[in-house]
Structure formats: C-alpha cells, structure tokens
Number of protein chains: 2
Amino acid sequence: MEPDRQKFLAYLAGQGLKSTRQRDIIFDAFRSDGSHVSTEDLYLKIRRDHPGIGYATVHRTLKLFTECGLAEERHFGDGQVRYEWVAGKEHHDHLVCVRCGAVSEFEDEDIEALQQRIARRYGFTMTSHRHELYGVCSSCGGED
Amino acid sequence: MEPDRQKFLAYLAGQGLKSTRQRDIIFDAFRSDGSHVSTEDLYLKIRRDHPGIGYATVHRTLKLFTECGLAEERHFGDGQVRYEWVAGKEHHDHLVCVRCGAVSEFEDEDIEALQQRIARRYGFTMTSHRHELYGVCSSCGGED
DNA sequence: TTTAAATTGATATCCGTTTTCACTTTTGGA
DNA sequence: TCCAAAAGTGAAAACGGATATCAATTTAAA
Ligand SMILES: [Mn+2]
Ligand SMILES: [Mn+2]
Ligand SMILES: [Zn+2]
Ligand SMILES: [Zn+2]
C-alpha cells in the first residue's frame with residue numbers, strides 16, 4: 001500500500017477513528033488535486049462523482065489530513081483557507097498572482113538561513129514561517 | 001499642521017469626503033497606538049473617552065487610513081485583521097509569538113533583494129509581500 | 001450477530017466583517 | 001446667516017467562511 005494512505009490509516013487507528021468510504025474518496029480526490037484548494041473547491045469537485053458526500057465531511061477530513069501531517073493549511077489573504085498536499089514535497093513558499101489567483105512555488109535556502117539568523121537574534125524559537133510574494137504573473141501581463 | 005493629518009485631510013478632500021469630529025478622534029487614537037491593533041481593540045480604547053463612537057465608524061475610518069496609505073492591514077493568522085500606522089516608518093516584516101501574541105519587527109535588505117530576484121526569475125511583477133516568522137519569544141521562554 | 005462508539009450530512013451556529021437605513025452633520029452657495 | 005444637497009453616523013441586520021449540533025447510519029470489535 002502506498003505510504004501516504006498507510007500514514008493516514010495509521011493516524012486514524014492511533015486516534016481511535018474509523019476508516020470510511022467517504023474518507024477514502026476524499027483522500028483520493030485531494031491527493032490527485034491537492035494544490036492550494038479550498039474546502040469549497042474540493043467539495044464541488046467531489047460532488048460531481050459522489051453527490052452524497054457533504055461539505056462538512058470534506059471539511060473535517062481536510063482537518064484530519066492536516067493533523068496527521070499529510071496536508072498543510074495556506075492563507076493567501078482572500079479570506080478562505082486553502083489546503084495543500086505536502087506529503088513527499090519539500091518545504092517551499094509561494095508567489096500569488098493578484099490578478100488570476102495562480103500560485104507558484106519557490107524555495108530559497110539563503111532566505112531560509114537568513115530567517116533563522118533573524119529569529120536567533122531576537123531570542124525567538126521559530127516554529128514556522130510564512131513568506132508570500134504577491135504581484136502579477138507573466139501570463140497576466142506584468143508588462144502593462 | 002502635521003503632515004500625516006494633512007495627508008488624511010487631503011485624501012478626504014480629493015475623494016469628496018468630509019472631515020468630521022469622529023474621524024479626528026479616531027485619527028488621534030490610532031496614531032498614538034497604531035501598532036497591530038484590531039478594529040475591536042481600537043474601538044474599545046476609543047469608547048472609554050468617547051462612548052458615542054460606533055464600531056462601524058471605527059471600521060470605516062481604519063479602511064480610509066489604509067486607502068490613503070497612512071495604515072496597512074496585517075494578517076497574523078488569528079482570524080482578525082490588524083492595522084498598523086505606517087506613515088513615517090520603513091518597510092518591515094514581523095515576528096509573532098504564538099504564545100503571548102507579541103509582535104516584533106525586523107527588516108533585512110538581503111532578504112528583500114533575494115525576494116526581488118525570485119520574482120524576476122518567475123517573470124513576476126511583485127507588488128507586495130508578506131513575511132512572518134512564528135514561534136516563541138524570549139520572554140515566553142524559548143528555553144523550556 | 002450484537003452493540004458501543006464513531007461518522008455522516010443537513011442544518012444551525014459562530015464570529016469577525018461589511019452593509020443597511022433613518023437620522024444627523026458637514027459644507028458650499030444663496 | 002440660512003438652506004439644501006451630499007456625506008457621515010451608529011444601531012442593527014446581513015454576510016460568509018468555518019465550525020458545531022444531532023438524529024440516523026455505519027463501522028468494527030467482541
Ligand atoms: Mn504550495
Ligand atoms: Mn509592524
Ligand atoms: Zn496571474
Ligand atoms: Zn511571547
């Protein structure tokens with residue numbers, strides 16, 4: 001079995017939670033399209049093939065993915081939480097197009113190191129960070 | 001007259017808006033304590049001396065300050081918008097203590113330059129960015 | 001199979017933000 | 001100074017995404 005699914009099932013078992021048909025469906029749907037989707041996004045996508053699955057269940061299941069480390073929440077300032085499948089991905093930060101909403105990813109170890117140095121200078125034990133660049137992407141015409 | 005107030009009055013005039021007693025009061029209160037306050041924070045503070053001023057007016061006036069560039073919105077992930085008086089301050093980013101909520105400020109021109117380089121590499125016209133370090137501040141005991 | 005515990009999905013509730021609207025205030029011209 | 005048009009105010013309602021509720025259903029261990 002794939003290690004991601006394994007991890008999810010292990011988390012459920014460890015918490016005394018149950019494996020269900022809905023959770024399997026949501027797992028598959030999210031894993032195959034887990035790039036910065038909102039609960040609404042994923043709910044609407046799933047509903048096409050599985051009309052019975054409720055919004056609340058999608059919401060709760062995304063929280064479960066987050067709790068067990070398979071997913072992370074993203075907040076890009078448009079007032080809704082987005083979720084990203086992070087299993088097997090390196091840490092990265094984001095560029096967000098303010099015109100079309102496209103999200104790109106970047107990683108820069110120099111910045112990461114500088115951040116750590118700043119935290120240390122402030123006697124700060126850094127547990128996480130958020131770094132987002134907002135602007136106009138190339139296909140939205142950064143030239144005009 | 002102070003240039004900040006001047007700027008505000010000029011903005012109002014330019015937009016066909018009016019100068020009011022309430023806006024003056026909110027201007028003074030916010031300018032003298034405009035460090036990452038929520039609308040609620042400022043409303044409660046103002047209400048002590050001016051019980052007649054409504055939450056909606058505080059909200060609308062903070063938006064005006066933001067529109068004219070005297071203030072900026074901050075989103076530190078606790079679900080409420082905070083406002084900061086930025087007139088006369090240099091650009092900076094933030095360290096946020098996840099335990100006590102304290103906010104410190106930092107600026108690092110190396111990071112700023114690296115950011116610009118990344119944006120350029122992606123053909124991205126960067127208009128703003130958000131960079132926050134989350135963790136435990138020194139007085140909350142990063143040692144335990 | 002039995003049964004206790006967890007899950008589900010429709011719906012209600014929460015809570016910060018924003019809008020509404022009847023009344024008041026500002027402001028520029030008469 | 002007075003007037004009228006336009007904007008502002010504050011209490012309350014509406015909004016919207018996230019979360020909680022609860023009766024019915026499903027899971028899984030015995
Ligand atoms: Mn990402
Ligand atoms: Mn600041
Ligand atoms: Zn774009
Ligand atoms: Zn602290």
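Here the structure is a predicted model, which is why all the values come from computation and not from measurement.
When rounded to the nearest whole Å, the span between NZ of A:K63 and P of D:dG17 equals 15 Å. Atoms CD1 (A:I46) and P (C:dT8) sit 12 Å apart, rounded to a whole Å. Between the P atom of D:dA18 and the CG atom of B:D78 lies a distance of 15 Å, rounded to the nearest Å. Here the P atom of nucleotide D:dA18 and the CD atom of A:Q80 are 6 Å apart, to the nearest Å. Distance A:R47 CZ to C:dG9 P: 13 Å, rounded to the nearest Å. Between the P atom of D:dG17 and the CD atom of A:E73 lies a distance of 16 Å, rounded to the nearest Å. Regarding B:D41, its CG atom lies at a distance of 15 Å from the C1' atom of C:dC15, rounded to whole Å. In this structure, NE2 of A:H50 is placed 14 Å from P of C:dT8, rounded to the nearest angstrom.
Between B:H59 and the phosphate of C:dT18, there is a side-chain N or O to OP1/OP2 separation shorter than 4.0 Å.
Between A:F65 and A:F30, the ring-plane angle classifies as parallel under the 30° and 60° cut-offs.
There is a side-chain donor-acceptor pair under 3.5 Å between A:E112 and A:H91. If you check the side chains of A:Y11 and A:E67, you find a donor sitting under 3.5 Å from an acceptor.
A:D78 pairs by the salt bridge (Lys or Arg N to Asp or Glu O under 4.0 Å) definition with A:R82, not counting sequence neighbours.
Residue A:L114 is grouped with residue A:Y122 when hydrophobic side chains (ILVMFWY) are merged at heavy-atom distances under 4.5 angstrom, including chains of intermediate members.
Residues B:H94 and B:H36 place their aromatic rings such that the two centres sit under 6.0 Å apart.
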task = Indicate for each nucleotide in nucleotides 6-12 of chain D, in 5' to 3' sequence, whether protein heavy atoms under 4.0 Å reach the base (B), only the sugar-phosphate (S), or nothing (-).
result = BSSBBB-
